[in-house]
Amino acid sequence: MVVERSSAHPIEYAIVLLLERGSGVHTVRTFDNAHSPTEHHEHRYVGAEKQQPIVTLGPINEAMHAAEVKLRRGWRDIVRSWERTL
């Protein structure tokens, strides 16, 4: 899991679940607020293709915390789901 967050306002963040497989690294899931500080996207991937986001609205810290909890608790199931798309 890679977490990047800006330090200047407005805060921008990206949380990415990566999987190292063989000689490559694959993006499995991303969370970000690239379009607005309070608009949060969760993108799943089908193979290497980023899918349309699940969009939620709210405070940045709450969204980042929820994303990290979701990944830490469910990363195995998320990876298995992604692997079925290959």
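Here the structure is a predicted model, which means the values were calculated and not measured.
The shortest side-chain heavy-atom distance between E12 and I60 does not fall under the 4.5 Å cut-off. The closest side-chain heavy-atom distance from H65 to V69 is below 4.5 Å. Inter-residue side-chain proximity for L17 and K70 is flagged as unmet; no heavy-atom pair is nearer than 4.5 Å. In this structure, the side chains of R72 and M1 come closer than 4.5 Å at one or more pairs of heavy atoms. Counting heavy atoms from C-beta outward, M64 and N33 have side chains that stay 4.5 Å or more apart.
I11 and V55 sit in two unconnected hydrophobic clusters of ILVMFWY residues. Membership requires side-chain heavy atoms under 4.5 Å apart, directly or through other members. I78 and I54 are not part of a single hydrophobic cluster, where members link through side-chain heavy atoms under 4.5 Å apart. Following chains of ILVMFWY side-chain contacts shorter than 4.5 Å, one cannot reach V2 starting from F31, and the two form parts of different hydrophobic clusters. Clustering ILVMFWY residues whenever any of their side-chain heavy atoms sit less than 4.5 angstrom apart, transitively, puts V16 in a cluster other than the one holding L71. Follow the hydrophobic side-chain contacts under 4.5 Å out from L18 and you never reach V79; the two are in separate clusters.
H40 places a side-chain N or O within 3.5 Å of a backbone atom of G58 that can act as its donor or acceptor partner.
Listed here is the closest heavy atom pair of W82 and G47: NE1-O, 2.9 Å.
With values rounded to the nearest 0.5 angstrom, H43 atom NE2 is found 13.5 Å from E49 atom CD.
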Contacts under 3.5 angstrom, residues 19-30 side chains, donor-acceptor by atom type, not counting sequence neighbours:
residue : atom : partner : partner atom : Å
R21     : NH2  : E83     : OE2          : 2.7
R29     : NH1  : E42     : OE2          : 2.7

